[in-house]
Amino acid sequence: MKDISEKRLSDYMAEQIADEILSGRIPGGSQLKQEELAEAFEASRIPIREAFQILENQGLIIRLATRRITVTELDEEQICLIYSMISEMTKKALNSLKHSKKTEELYERITTPGLLGEVQPAEAMCDLVENEYIKRLLRNASDSYIRFALSTGRHKEEIKEERNKLTELLKNGELKKAEKALDAYFKLLAKAVNEERGMNE
């Protein structure tokens with residue numbers, strides 16, 4: 001993940017608002033107003049508009065025909081579905097890396113700590129996948145849903161264990177088993193988010 005100093009103001013705002021939505025502190029169906037958010041962030045409306053664009057791309061807000069901005073309705077089932085879809089997308093990316101013979105490079109990226117600690121699987125794949133559409137989906141998932149799940153601190157040891165299992169399987173070239181490890185990893189992320197949301201309801 002990028003350091004805050006490297007982020008544009010709009011990226012930082014989008015991240016903060018995304019956390020409030022995913023945590024359930026901003027309930028689904030709520031209206032977001034540029035003026036109120038600009039005041040809260042002590043910023044102009046321009047970065048707020050840019051942040052809205054990011055959040056819309058991440059599926060966290062909806063821009064209505066009336067130009068009102070509302071928060072996407074998320075429940076436990078929806079959260080599980082989102083992380084399941086991210087898992088499927090990550091497995092597709094893994095398969096594309098297998099065909100382009102980049103799984104060894106993926107292993108190296110995951111096992112080399114970044115400036116902000118461990119590099120997560122979807123984040124490591126972002127730079128290696130050649131398909132721009134998949135790359136964009138992975139980046140959106142990594143910048144919002146995955147980042148937030150990890151930030152909760154819930155199931156930290158289990159998540160780390162699944163990540164280590166995945167790393168070992170990649171090292172040994174056991175890609176079918178690696179796909180199962182990805183499923184288990186993303187189920188834990190969904191569980192962490194739903195537990196966090198349960199605390200804020």
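Since this is a predicted model, take the numbers as computed values, not measurements.
- Considering only heavy atoms from C-beta on, Met125 comes within 4.5 Å of Leu106 through its side chain.
- For the 3.5 Å distance criterion, the side chains of Gln31 and Arg68 qualify, holding a donor opposite an acceptor.
- More than 12 heavy atoms of other residues, nucleotides or ligands shown are found within 6.0 angstrom of CG on Leu81.
- Atom CD of Glu76 sits in a sparse spot, with 12 or fewer heavy atoms from other residues, nucleotides or ligands closer than 6.0 Å.
- More than 12 heavy-atom neighbours from other residues, nucleotides or ligands sit within 6.0 angstrom of NZ on Lys102.
- A 6.0 Å sphere centred on CD of Glu39 holds no more than 12 heavy atoms belonging to other residues, nucleotides or ligands.
- The hydrophobic cluster containing Ile62 does not contain Leu74, counting ILVMFWY residues as joined when their side-chain heavy atoms lie under 4.5 angstrom apart, directly or transitively.
- Closest heavy-atom contact between Cys80 and Ala190: CA-CB, 4.2 Å.
- In this structure, CZ in Arg154 is found 5.5 Å from CD in Glu195, a value given to the nearest 0.5 Å.
- A distance of 9.0 Å separates CD in Glu35 from CG in Leu37, rounded to the nearest 0.5 Å.
- Within a 6.0 Å radius of NZ in Lys135, more than 12 heavy atoms belonging to other residues, nucleotides or ligands are found.
- One distance of note links CZ of Arg63 with CD1 of Ile69; it measures 4.0 Å at 0.5 Å rounding.
- Contact check on Glu157 versus Lys160 returns no salt bridge, with no Lys/Arg side-chain nitrogen under 4.0 Å from an Asp/Glu carboxylate oxygen.
- A pairwise comparison of heavy atoms in Ser100 and Glu130 identifies CB-OE2, 4.4 Å as the closest pair.
- The closest donor-acceptor contact from the side chain of Ser96 to the backbone of Ala93 lies under 3.5 Å.
- Side-chain contact check for Val71 versus Leu32: some heavy-atom pair is nearer than 4.5 Å.
- Cluster annotation: Leu169 and Leu175 are assigned to distinct hydrophobic clusters (Ile/Leu/Val/Met/Phe/Trp/Tyr, side-chain heavy-atom contacts under 4.5 Å, transitive).
- Minimum heavy-atom separation, Tyr83 to Ala149: OH-CB, 3.8 Å.
- In this structure, Gln34 and Phe52 have side chains that are in contact, with non-hydrogen atoms separated by less than 4.5 Å.
- At least one donor-acceptor pair closer than 3.5 Å links the side chain of Thr90 to the backbone N or O of Ile86.
- With hydrogens and angles ignored, the 3.5 Å screen pairs no side-chain donor or acceptor of Ser30 with any backbone N or O of Ile26.
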Applying side-chain contact (heavy atoms from CB on, under 4.5 Å) to Lys98 and Leu94, what does each step give before you reach the verdict? CA-CA 6 Å; Lys98 178 180 73 174; Leu94 180 59; over 6 Å; no
For salt bridge (charged side-chain N to carboxylate O under 4.0 Å, His left out), just list the numbers for Lys165 and Glu168, CA-CA rounded to whole Å, side-chain angles, deciding distance to a tenth of an Å, and then say yes or no. CA-CA 5 Å; Lys165 192 186 295 181; Glu168 193 62 27; over 6 Å; no
Run Glu179 and Asn95 through side-chain contact (heavy atoms from CB on, under 4.5 Å) and show every step you take. CA-CA 9 Å; Glu179 288 184 9; Asn95 276 305; 3.0 Å; yes
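- Note on Met13 and Ile54: separate hydrophobic clusters, where clusters join Ile, Leu, Val, Met, Phe, Trp and Tyr whose side-chain heavy atoms are under 4.5 Å apart, directly or indirectly.
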Show the numbers, then the answer: is there a side-chain contact (heavy atoms from CB on, under 4.5 Å) between Asp11 and Arg8? CA-CA 5 Å; Asp11 292 325; Arg8 294 180 307 155; 3.3 Å; yes
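- Checking Gln58 against Tyr145 by side-chain atom types alone, no donor-acceptor pair falls below 3.5 Å.
- Taking hydrophobic clusters as Ile, Leu, Val, Met, Phe, Trp and Tyr residues chained together by side-chain heavy-atom distances below 4.5 Å, Ile61 does not share a cluster with Leu64.
- Rounding to the nearest 0.5 Å places CD of Gln120 at 11.5 Å from SG of Cys126.
- No donor-acceptor distance shorter than 3.5 angstrom exists from the side chain of Arg139 to the backbone of Ala122, with no hydrogens or angles considered.
- Of the possible polar contacts, none joining the Thr112 side chain to the Arg109 backbone as a donor-acceptor pair under 3.5 Å is found.
- Judged purely by atom type and a 3.5 angstrom limit, Ser10 has no side-chain atom pairing as donor or acceptor with the backbone of Glu50.
- Of the possible donor and acceptor atoms, one in the side chain of Thr72 sits under 3.5 Å from a partner among the backbone N and O of Gly59.
- Of the possible polar contacts, none joining the Asn172 side chain to the Glu174 backbone as a donor-acceptor pair under 3.5 Å is found.
- Under the 3.5 Å distance criterion, the side-chain polar atoms of Ser142 are left unmatched by any main-chain donor or acceptor of Leu138.
- At a threshold of 4.5 Å between non-hydrogen side-chain atoms, the residues Ile17 and Phe41 count as touching.
- Under 4.0 Å is where a charged nitrogen must lie from a carboxylate oxygen, and between Asp183 and Lys91 at least one such pair does.
- Counting heavy atoms from C-beta on, the side chains of Arg147 and Asp143 never come closer than 4.5 Å.
- Residues Pro121 and Tyr185 meet the side-chain proximity criterion, which asks for heavy atoms closer than 4.5 Å.
- The shortest side-chain heavy-atom distance between Glu104 and Leu170 does not fall under the 4.5 Å cut-off.
- Summarising the geometry, atom CD1 belonging to Ile82 is positioned 9.0 Å from atom OG belonging to Ser144; distances are rounded to the nearest 0.5 Å.
- Contact record, Val129 with Leu97: N-CD2, 4.0 Å, taken as the closest heavy-atom pair.
- Thr167 places a side-chain N or O within donor-acceptor distance of the main-chain N or O of Arg163, the cut-off being under 3.5 Å.
- We find the CZ-CE distance between Arg25 and Met199 to be 11.0 Å, quoted to the nearest 0.5 Å.
- The closest side-chain heavy-atom distance from Glu123 to Ile146 is not below 4.5 Å.
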